[in-house]
Amino acid sequence: MSDKSKRFPLPLSAVVDPAARKEQPKVLVRPQTATQNAARHVEGQARKPGLAPRHSPQNGANGQQLVQAGALKITPVPDRQAPMVSDAVRHAMVARVANQGVRDEKVLHAMRVVPRHLFVEPGLSSQAYVDASLPIGFHQTISQPYIVARMIEVMRANANGGVLKSVLEIGTGCGYQAAVLSQVADEVYSIERIKPLHELAKSNLRPLRIANIRLHYGDGMLGLPQAAPFDGIILAAAGMEVPQSLLEQMTIGGRLVAPVGARHQVLQLVERVGKYEWTSQTLEDCHFVPLRAGTV
Ligand code: SAH
């Protein structure tokens with residue numbers, strides 16, 4: 001990759017596909033899937049499972065190959081309907097996230113600059129700034145903004161003053177959280193086990209030209225030994241326990257934040273305090289899609 005500079009965020013006008021915006025928004029909100037605390041903020045709820053992803057898979061299979069989202073170029077396109085997804089709407093979403101207790105200004109700033117509506121299918125973009133998870137296809141969801149912010153805030157509250165050289169996300173989904181992470185860490189690695197979602201994340205991130213995200217297709221339960229160790233690891237899917245290989249890929253002083261459980265899930269913070277020593281604490285209830293082994 002030749003272009004190392006961060007060009008993010010681009011103005012919305014440079015990244016919104018005007019053709020996509022012409023579609024009629026459907027009135028849809030996924031049932032709340034994060035904290036009960038956040039449920040108060042959801043306006044109108046209806047179900048529609050398993051929507052198709054916005055983008056079909058592109059560019060063929062890359063297997064475990066390194067993907068550098070920032071290396072790709074786009075031709076900026078004007079967007080006459082940008083006010084509908086204006087900064088003000090996103091700022092209001094971030095204000096609600098802050099009201100729920102997220103205090104880390106760097107995280108709140110990251111949430112303000114990442115255009116979440118570009119990570120949901122066009123028919124749902126009117127819902128993009130409601131504090132709720134939304135379907136992204138394949139029975140998966142884009143995480144609720146509050147929980148994205150909360151997990152990153154917890155990961156940043158390390159003994160190193162929030163410095164994060166390299167972080168790993170398990171469960172790329174549509175790529176939204178990876179984009180937020182790119183604003184708080186030097187290097188972001190993200191793994192997805194469902195190939196079409198890996199491809200969806202690539203196409204969602206491509207126009208944003210974020211230079212410090214590397215997307216991998218694979219089983220995140222195995223981590224990414226070739227890029228380890230990580231100062232921070234975030235799991236966007238819930239297992240019954242944190243996989244051992246991930247614990248071993250943390251730096252000493254590193255923090256891992258993961259939902260743990262089945263029907264009843266809790267957010268767990270694990271800190272590596274020594275070569276063979278980890279501490280763990282339970283933070284709050286949450287609800288995520290399941291962590292599954294293998295790839296599809
Ligand atoms: N990070 C996303 C959330 C995606 S939902 C966001 O920004 O909103 C969680 C994702 O975890 C799903 O796409 C699911 O396919 C993925 N997942 C589940 N188990 C996994 C595993 N073992 N390895 C990698 N991804 C996994």
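Here the structure is a predicted model, which is why all the values come from computation and not from measurement.
Atom CG of L235 is separated from atom CG of L246 by 5.5 Å, given to the nearest 0.5 angstrom. Rounded to the nearest 0.5 Å, atoms OH (Y129) and CZ (R90) are 4.0 Å apart. Atom CD of residue Q249 and atom CZ of residue R272 lie 10.0 Å apart, to the nearest 0.5 angstrom. Atom CG of L134 sits about 9.5 Å away from atom CD of E121, to the nearest 0.5 Å. Within the model, atoms CD of E169 and CD1 of I233 stand 11.5 Å from one another, a figure rounded to the nearest 0.5 Å. K202 contributes atom NZ, which lies 4.0 Å from atom CD of E199 (distance to the nearest 0.5 angstrom).
Looking at S166 and E187, their side chains never bring a donor and an acceptor atom within 3.5 Å of each other.
Side chain of E284 to main chain of L267: no donor-acceptor pair is present (N/O by atom type, distance under 3.5 Å, no hydrogens or angles). Not a single donor-acceptor pair under 3.5 Å links the side chain of Q268 to the backbone N or O of S280. A side-chain donor-acceptor contact under 3.5 Å links R103 to the backbone of A98. Judged by distance alone, the side chain of T172 and the main-chain N or O of I191 form a donor-acceptor pair under 3.5 Å.
Cluster membership for L205 and F138, using ILVMFWY side-chain heavy atoms within less than 4.5 angstrom, is shared. V289 and V120 fall into different hydrophobic clusters, defined by Ile, Leu, Val, Met, Phe, Trp and Tyr side-chain heavy atoms under 4.5 Å apart, directly or through other members. Linking Ile, Leu, Val, Met, Phe, Trp and Tyr residues whenever their side-chain heavy atoms come within less than 4.5 Å leaves L222 and I194 in two separate clusters. L200 and V296 fall within the same hydrophobic cluster, where Ile, Leu, Val, Met, Phe, Trp and Tyr residues are linked whenever their side-chain heavy atoms come under 4.5 Å apart, directly or through other members.
Taking all atoms of both residues into account, the shortest heavy-atom contact from L291 to G239 is CB-N, 3.7 Å. Annotation for G223 and S245: closest pair N-OG, 4.3 Å, computed over non-hydrogen atoms. Considering all non-hydrogen atoms of both residues, S125 and H117 come closest at CB-CB, 4.1 Å. Residues P145 and D131 approach most closely at CD-OD1, 3.1 Å, considering heavy atoms. Annotation for M111 and Y176: closest pair CE-OH, 3.5 Å, computed over non-hydrogen atoms. Nearest heavy atom pair, residue I136 against residue F119, reads CG2-O, 4.3 Å.
Remark: A293 engages D219, M221 in a side chain to side chain contact (heavy atoms under 4.5 Å, CB included) (not counting sequence neighbours). Evaluation of the side-chain hydrogen bond (donor to acceptor under 3.5 Å, both in side chains) rule for E248 yields Q244 as partners, not counting sequence neighbours. Residues passing the side chain to side chain contact (heavy atoms under 4.5 Å, CB included) test with V266 are H264, T282, D285, sequence neighbours excluded. With sequence neighbours excluded, the residues satisfying side chain to side chain contact (heavy atoms under 4.5 Å, CB included) with R292 are R193, P290.
Judged by a 6.0 Å distance limit and a 45° cone about the ring axis, R96 is not positioned over the six-membered ring of Y146.
Between Y189 and H216, the ring planes are tilted. Angles from 30° to 60° get that label.
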- Message: Quick one, R116 with I142, criterion side chain to side chain contact (heavy atoms under 4.5 Å, CB included). Give me CA distance, side-chain angles, the key distance, then yes/no.
- Response: CA-CA 9 Å; R116 190 170 188 257; I142 179 172; 3.7 Å; yes
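The residues E153 and R156 are annotated as not salt-bridged, no charged nitrogen and carboxylate oxygen being separated by less than 4.0 angstrom.
A 4.5 Å side-chain heavy-atom check between L108 and V102 finds at least one atom pair inside the cut-off. Side chains of I152 and L181 form a contact here, defined as non-hydrogen atoms less than 4.5 Å apart. Contact check for I147 versus F288: side-chain heavy atoms found under the 4.5 Å cut-off. Side-chain atoms of V114 and S182, non-hydrogen and from C-beta on, never get closer than 4.5 Å to each other.
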Please report, to 0.1 Å, the donor-acceptor pairs under 3.5 Å made by any side chain of residues 251-262, with sequence neighbours excluded.
| from | atom 1 | to | atom 2 | distance (Å) |
| --- | --- | --- | --- | --- |
| T251 | OG1 | F230 | O | 3.4 |
| T251 | OG1 | D231 | OD1 | 3.3 |
| R255 | NE | A157 | O | 3.2 |
| R255 | NE | E271 | OE2 | 3.3 |
| R255 | NH1 | V154 | O | 2.7 |
| R255 | NH1 | A157 | O | 3.1 |
| R255 | NH2 | A157 | O | 3.1 |

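Applying the salt bridge (Lys or Arg N to Asp or Glu O under 4.0 Å) test to pairs two or more places apart or on separate chains, none has a residue in residues 274-283.
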